[in-house]
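Data first, discussion second: the structure below is written as structure tokens.
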Number of protein chains: 2
Amino acid sequence: MLDIESGELISTSVMSSITIDCTIFGFENGSLEVLLVKHAKGISEGKWGLPGGWIQEVESIDAAAHRLLRELTGLENIYLEQLKAFGEPDRFPLGRVITVGYYALVKREDYSVKAGFTASEAKWFKIAEVPELIYDHTQILEYSIQNLRKRVRQAPIGFNLLPEKFTLLQLMQLYQEILKVEMDKPNFRRKFLRMKLLVDINEKQKDVSHRAAKLYKFDNNTYQKLTEKGFNFEF
Amino acid sequence: MLDIESGELISTSVMSSITIDCTIFGFENGSLEVLLVKHAKGISEGKWGLPGGWIQEVESIDAAAHRLLRELTGLENIYLEQLKAFGEPDRFPLGRVITVGYYALVKREDYSVKAGFTASEAKWFKIAEVPELIYDHTQILEYSIQNLRKRVRQAPIGFNLLPEKFTLLQLMQLYQEILKVEMDKPNFRRKFLRMKLLVDINEKQKDVSHRAAKLYKFDNNTYQKLTEKGFNFEF
DNA sequence: TAAACTTGTAGTCAATTAAACCATAAGATA
DNA sequence: TATCTTATGGTTTAATTGACTACAAGTTTA
């Protein structure tokens with residue numbers, strides 16, 4: 001099959017006219033960031049876009065998204081969820097292609113850029129500094145951010161952006177950054193601790209130039225129990 | 001193009017390997033129902049499934065879903081939202097086809113079955129009485145119900161299932177039916193009225209064999225305002 | 001070494017909200 | 001008229017929220 005974007009021959013074992021595109025979120029130094037790739041060839045050469053690719057004939061859409069992430073980041077167990085399908089007739093300039101959007105949350109401590117992707121370069125961008133993107137990727141990114149804001153208030157998915165062990169302040173700053181709100185430290189503590197979702201691991205921060213804060217882990221067990229009867233995350 | 005399901009020739013102006021399927025919800029006599037169609041020809045003859053169809057080369061996915069609804073029900077302004085794309089490699093027995101799931105909410109008072117769809121018959125089923133469905137439609141329906149439960153607690157979309165004018169008890173029963181919970185009448189009233197989303201139209205029920213309840217309308221204006229700063233619908 | 005500074009953690013208090021009730025009103029039916 | 005059903009208005013208690021104060025535990029600076 002002829003790749004309508006690069007003009008090269010690609011495997012005939014992929015579905016034509018359907019792709020996936022993934023917004024990969026990371027959290028570093030108090031800022032929410034996304035991983036973008038620079039397209040090396042084809043009509044969009046030199047422009048930045050969301051990582052994406054084709055779906056193979058024999059793999060599910062989810063599997064394709066996981067494969068894409070593995071190829072790009074080397075990570076296996078990434079938090080990944082489908083957003084929706086984007087399918088304006090003119091979204092792709094060289095033909096009718098529908099794309100299935102995904103968003104992923106990665107722990108930056110685990111992440112290392114992997115070379116050899118079909119894009120020449122991959123780079124983290126702060127949300128506010130994202131450049132103009134190819135096709136409808138700006139729209140997909142915007143939708144991803146809205147979705148992240150919504151989801152983070154309904155389930156504790158924010159943990160996927162933090163290291164294994166984190167402080168309550170880090171957690172609060174994550175929420176502040178994603179939701180773009182100011183919060184009160186004592187109130188946040190109380191509210192979050194009451195949910196019983198955090199395990200006190202009896203460790204403290206090291207090498208900080210102030211009083212060291214307690215470190216916590218996320219307790220997935222109680223989360224599962226709470227989820228069943230439905231609960232809320234308003235701050 | 002050969003329709004892989006019916007074996008008939010269909011217009012070549014549709015995308016191959018992508019379809020849409022739509023869960024249409026209705027509310028009648030206190031029960032949540034879905035509209036299913038019986039397939040008349042092809043390998044799934046005689047079996048029930050969600051209404052679905054192909055996407056034309058020049059229309060957006062959303063437009064295709066709206067067209068499908070118009071063809072099936074004759075209604076133009078239906079509440080419609082995309083769920084997600086379903087794409088297990090083996091979901092469709094005769095080839096690799098990805099489907100984009102939608103769900104719609106209709107007012108039963110507006111609805112009348114429209115003949116001449118590619119299915120021989122269309123019928124409303126109570127959720128608990130839905131028969132075995134073709135392909136992965138049971139899974140799509142299940143996902144739709146979960147999604148409806150989630151959405152109904154985040155935005156007042158339930159109104160789309162009720163007549164223009166309704167009583168507070170009808171509204172409460174709708175929530176009870178969708179969420180499968182028992183609620184307290186006085187508390188529900190107070191909570192809902194406080195949101196200022198209902199307009200008292202100074203009318204009462206007629207022909208009921210008990211004290212007539214006030215009728216209300218949904219106030220879309222205040223809803224738009226409230227939505228901007230985000231609010232919650234827990235009951 | 002002491003003071004100043006930074007961040008963590010505990011507690012207080014008024015205002016709001018939620019949940020479980022009880023009570024009465026407004027009809028219709030027997 | 002009595003009784004039944006549903007509508008609607010209150011009360012009470014406990015829990016939660018939001019704004020704020022205070023102090024603890026370290027580091028850095030003077």
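Chain naming here is simple, since letters A, B, ... match the order of the sequence lines and numbering starts at 1 in each.
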Euclidean distance, atom CZ of residue Arg189(A) to atom C1' of dA10(C) [Å, nearest integer]: 8 Å
Footprint string (nucleotides 21-30 of chain C, 5' to 3'): B base within contact, S backbone only, - free, heavy atoms under 4.0 Å: BB--BB-SS-
Any residue meeting side chain to side chain contact (heavy atoms under 4.5 Å, CB included) with Thr138(A), in chain and number order, not counting sequence neighbours: Leu133(A)
Touch class at under 4.0 angstrom, heavy-atom based, for Lys185(A) against every strand present: base
List the atom pairs, donor and acceptor, that lie under 3.5 Å between side-chain atoms in residues 205-216 of chain A and the rest of the protein, sequence neighbours left out.
from, atom 1, to, atom 2, distance (Å)
Gln205(A), OE1, Ala213(A), N, 2.9
Lys214(A), NZ, Asp200(A), OD2, 3.0

Partners meeting side chain to side chain contact (heavy atoms under 4.5 Å, CB included) with Lys180(A) (sequence neighbours left out): Arg149(A), Glu177(A)
Whole angstrom value for the distance that separates C1' of dT17(C) from CZ of Arg194(B): 6 Å
Non-neighbouring partners of Thr222(A) that pass side-chain hydrogen bond (donor to acceptor under 3.5 Å, both in side chains), sequence neighbours left out: Asp219(A)
For Val100(A) against Ala85(B), the heavy-atom pair lying closest together: CG2-CB, 4.0 Å
Counterpart residues, side chain to side chain contact (heavy atoms under 4.5 Å, CB included), relative to Asp136(B) (two or more places apart): Phe86(B), Arg91(B), Gln139(B), Ile140(B)
Boundaries of the DNA chain D segment in contact with chain A, non-hydrogen, under 4.0 Å: dT17(D) to dT28(D)
Atom-to-atom span, CE of Met183(B) to P of dA20(C) - whole angstrom: 12 Å
Side chain to side chain contact (heavy atoms under 4.5 Å, CB included) partners of Asn77(A), counting only residues at least two apart: none
Partners meeting side-chain hydrogen bond (donor to acceptor under 3.5 Å, both in side chains) with Lys185(A) (sequence neighbours left out): none
Inter- and intrachain pairs under salt bridge (charged side-chain N to carboxylate O under 4.0 Å, His left out), touching residues 72-87 of chain B, at least two apart: Arg70(B)-Glu76(B), Glu81(B)-Arg151(B)
Contact residues, residues 166-181 of chain B to DNA chain D [heavy atom, < 4.0 Å]: Leu169(B)
Residues forming a side-chain hydrogen bond (donor to acceptor under 3.5 Å, both in side chains) with Asn160(A), sequence neighbours excluded: none
